[in-house]
Colleague: 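Take this structure first; my questions come after.
Within every chain, numbering begins at 1; the chains are lettered A, B, ... in the order of the sequence lines, protein sequences first and strands thereafter. Just so it is clear, the model here is predicted, and its values are computed rather than measured.
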2 protein chains.
Amino acid sequence: MTAHNTSDKIVTAEQLLLSRGVKPTPQRVVIADYLLQTDSHPTADEVLSAVSEALPVALSRATVYNTLNTLKEAGVIKEVLTEPGRVRYDANVSHHHHFVDVKTGKIVDIPADKVEAIGELLGDQYKVHGFQVLFYGELEQH
Amino acid sequence: MTAHNTSDKIVTAEQLLLSRGVKPTPQRVVIADYLLQTDSHPTADEVLSAVSEALPVALSRATVYNTLNTLKEAGVIKEVLTEPGRVRYDANVSHHHHFVDVKTGKIVDIPADKVEAIGELLGDQYKVHGFQVLFYGELEQH
DNA sequence: TCATATATTTAGAATAAGTCTAAGTTGAGA
DNA sequence: TCTCAACTTAGACTTATTCTAAATATATGA
Ligand SMILES: [Mn+2]
Ligand SMILES: [Mn+2]
Ligand SMILES: [Zn+2]
Ligand SMILES: [Zn+2]
């Protein structure tokens, strides 16, 4: 439930939304909760089907998109772009990167400290606010 | 015309297509030529308007998409993903990265050697085939 | 409590990027 | 010159996302 939250304290989706100034409606809580407990970087469609089949609250497509955009603007989730034509969502809002397994399509998080200092490699004609590394390859499953 | 070609020799779009096994039809030559002489990372729509207003050959939307996909599969151009919902195209097919100026939207190339060795930073549970770094920030204009 | 305002959700229409289809056009080789 | 495959085309289609306008829920406060 709090897999992607940086603090050790257990924080419910509801508490998280409240702390970011987002009113915790049932739909929003259920979407945020789903994103917090998965590490699969789902698309909007995947959120919609997962949430609407598993959970008791009614949910429309428009609300999924509204909620994802609201949560993104509130800093509760981030967008991840790995392929053309679809946006993925990530409740891990810490600065981190992604590894795409080209065989399975699985997308896993890479902590920022693994690729530290990239931001300082460019010369002074670039003022780097942030960066995003997308790795492609194969995950060894030993 | 050859701004993004790695060799010093002047190579026309037509010669480049021939060398990659793509039949150089007038539409394909004109699209490849446009991509080779710009560094603006245009979208398909931008290619279509630039080429159809400036150049003498008739050009349909379907042909622009067909050609971009053909050129991509032939290794003449690459896709660049910087924002949701639109694919950009790049005739610089060398391994390189991108810097997005968040003020202007300008996208500039960052040579691979600026961020060398990122591929070796991950542990041995990852077999890295490649990676792509996307920087966000501001370009200093002096 | 009731009335009303405001925020949220909803179904479905609209938009926009990209693909597909089926019919024309082209051009290289027999 | 004829033929056939490759290519291009307009427009229909698909899919992801946004918009609209109406319904519902929540908050406020007389
Ligand atoms: Mn999706
Ligand atoms: Mn476009
Ligand atoms: Zn992630
Ligand atoms: Zn580039």
Colleague: For dT17(D) and Y65(A) - does any side-chain N or O of the residue sit under 4.0 Å from the phosphate oxygens OP1/OP2?
Modeller: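 For Y65(A), the contact criterion (side-chain N or O under 4.0 Å from OP1 or OP2 of dT17(D)) is met.
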Colleague: I'd like to compare against my own output: the B/S/- annotation of nucleotides 6-12 of chain D with a strict under-4.0 Å heavy-atom distance to protein.
Modeller: -SSBBBB
Colleague: Rounding to a whole Å, what distance do you find between L18(B):CG and dA28(C):C1'?
Modeller: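 L18(B) atom CG is separated from dA28(C) atom C1' by 14 Å.
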Colleague: Atom CG of L68(B) to atom P of dA17(C): distance rounded to whole Å?
Modeller: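 The distance from CG of L68(B) to P of dA17(C) comes to 14 Å, rounded to the nearest Å.
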Colleague: Take atom CG of L71(A) and atom P of dT8(C), then tell me their distance rounded to the nearest Å.
Modeller: 12 Å
Colleague: Restricting to ring-ring contact (aromatic ring centres under 6.0 Å, His included), what partner residues turn up for Y89(A), sequence neighbours left out?
Modeller: none
Colleague: Holding to salt bridge (Lys or Arg N to Asp or Glu O under 4.0 Å), I want the full list of residues that pass it with E79(A), two or more places apart in sequence or in another chain.
Modeller: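 Residues passing salt bridge (Lys or Arg N to Asp or Glu O under 4.0 Å) with E79(A): K72(A).
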Colleague: Using whole Å, what does the distance between atom P of nucleotide dA17(C) and atom CD of E79(B) come to?
Modeller: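 Taking CD of E79(B) and P of dA17(C), I get 15 Å after rounding.
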Colleague: What pairs of donor and acceptor atoms, side-chain ones from residues 51-64 of chain A against any protein atom, are under 3.5 angstrom apart with sequence neighbours left out?
Modeller:
{"unit_1": "S52(A)", "atom_1": "OG", "unit_2": "L48(A)", "atom_2": "O", "d": "2.4"}
{"unit_1": "S60(A)", "atom_1": "OG", "unit_2": "T63(A)", "atom_2": "N", "d": "3.2"}
{"unit_1": "S60(A)", "atom_1": "OG", "unit_2": "T63(A)", "atom_2": "OG1", "d": "3.1"}

Colleague: Can you tell me the distance, in whole Å, between the CZ atom of R86(A) and the C1' atom of dT17(D)?
Modeller: 13 Å
Colleague: Rounded to the nearest angstrom, tell me the gap between atom CD in E46(A) and atom C1' in dA16(D).
Modeller: 13 Å
Colleague: How long is the line joining CG of L48(B) and P of dG18(C), in whole Å?
Modeller: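 Distance, rounded to whole Å: 12 Å.
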Colleague: Would you please classify the geometry between the F135(A) ring and the F131(B) ring as parallel, tilted or perpendicular, with 30° and 60° separating the classes?
Modeller: tilted
Colleague: In chain order, what residues pass the ring-ring contact (aromatic ring centres under 6.0 Å, His included) check against H41(A), with sequence neighbours excluded?
Modeller: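 Only H98(A) meet the ring-ring contact (aromatic ring centres under 6.0 Å, His included) criterion with H41(A).
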Colleague: How many Å lie between CD on E83(B) and C1' on dT17(D), as a whole number?
Modeller: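 So the CD-C1' distance, E83(B) to dT17(D), works out to 15 Å.
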Colleague: Going by side-chain hydrogen bond (donor to acceptor under 3.5 Å, both in side chains), name the residues that satisfy it together with H129(A), two or more places apart in sequence or in a different chain.
Modeller: E138(B)
Colleague: Can you tell which of dG18(C), dT19(C), dA16(D) lies closest to the side chain of V87(B)?
Modeller: dG18(C)
